[in-house]
Amino acid sequence: MQYLLMIYNNEAGTAAAPAEGVQKMNAAYLAYTEAMNKAGVVRGGNRLRPTSEATTVRVKDGKSQVLDGPYADTKEQLAGFFLIDVPDLDAAISWASKCPGASTGTMEVRPIWQMSA
């Protein structure tokens, strides 16, 4: 079953992190990604650009509304994700708990809703 592991983090804290901390986190993510690849569970994933570079689109009364920046003002922002394919929720939670982002932010584990052909 496929699950999306969403990594939420505080952008301001990440931006203010010292260079040494950033290097350690990058190394931790490299090792984590390597472990997932070796286990054959990762199907995709990426880091996201900051919310200051986001564009929000809504349609209201048939007209598109385009806004710069994120829609929600929250303490943590979606920073990245991994799409994994594992046997069950317990395995997905196990991988989420190993993610470096779990120690500095929040991980959301959500099953993928498989669409019928």
Checking the side chain of N10 only, and the main-chain atoms of A12 only, is there a donor and an acceptor separated by less than 3.5 Å?
yes
Hydrophobic cluster membership, V109 vs F81, 4.5 Å side-chain cutoff
no
Name the orientation class of the two ring planes belonging to F82 and Y29 (parallel below 30°, tilted from 30 to 60°, perpendicular beyond 60°).
parallel
Take atom CZ in R110; do more than 12 heavy atoms of anything else shown fall under 6.0 Å from it?
no
NZ-CD distance between K75 and E11, expressed to the nearest 0.5 angstrom:
15.5 Å
Check for a donor-acceptor pair, side chain of Y32 on one end and backbone N or O of W95 on the other, with a separation under 3.5 Å.
yes
Going from CE on M25 to CD on E20, what distance comes out if it is rounded to the nearest 0.5 angstrom?
13.0 Å
Q77 side chain to T51 side chain, donor-acceptor N/O pair below 3.5 angstrom
no
Measure the CE-CG distance between M6 and L83 for me, rounded to the nearest 0.5 Å.
11.0 Å
Measuring from atom CD1 of I7 to atom OG1 of T106, what distance do you get when rounded to the nearest 0.5 angstrom?
11.5 Å
Kindly say whether S94 contributes a backbone atom to a donor-acceptor pair with the side chain of S97 at under 3.5 angstrom?
yes
Is there a continuous path of hydrophobic side-chain contacts, each under 4.5 Å between heavy atoms, that joins Y3 to L48?
no
Pair I84, R43 - check side-chain contact (heavy atoms from CB on, under 4.5 Å), show working.
CA-CA 5 Å; I84 62 172; R43 297 295 175 261; over 6 Å; no
Let me check something: do L5 and M1 share a hydrophobic cluster, defined by ILVMFWY side-chain heavy atoms less than 4.5 Å apart, either directly or through other members?
yes
Rounded to the nearest 0.5 Å, how far does OG1 of T56 lie from CD of Q65?
11.0 Å
For V86 against A91, the heavy-atom pair lying closest together:
CB-CB, 3.8 Å
Stepwise, does the side-chain contact (heavy atoms from CB on, under 4.5 Å) test hold for Q2 with Q114?
CA-CA 9 Å; Q2 291 188 338; Q114 298 292 330; 3.5 Å; yes
Verify the neighbour count for atom CD of E34: are there more than 12 heavy atoms of other residues, nucleotides or ligands below 6.0 Å?
no
Nearest heavy-atom neighbours spanning M107 and G101
SD-C, 4.2 Å
side-chain contact (heavy atoms from CB on, under 4.5 Å) evaluation trace for T33 with V42
CA-CA 8 Å; T33 304; V42 72; 5.7 Å; no
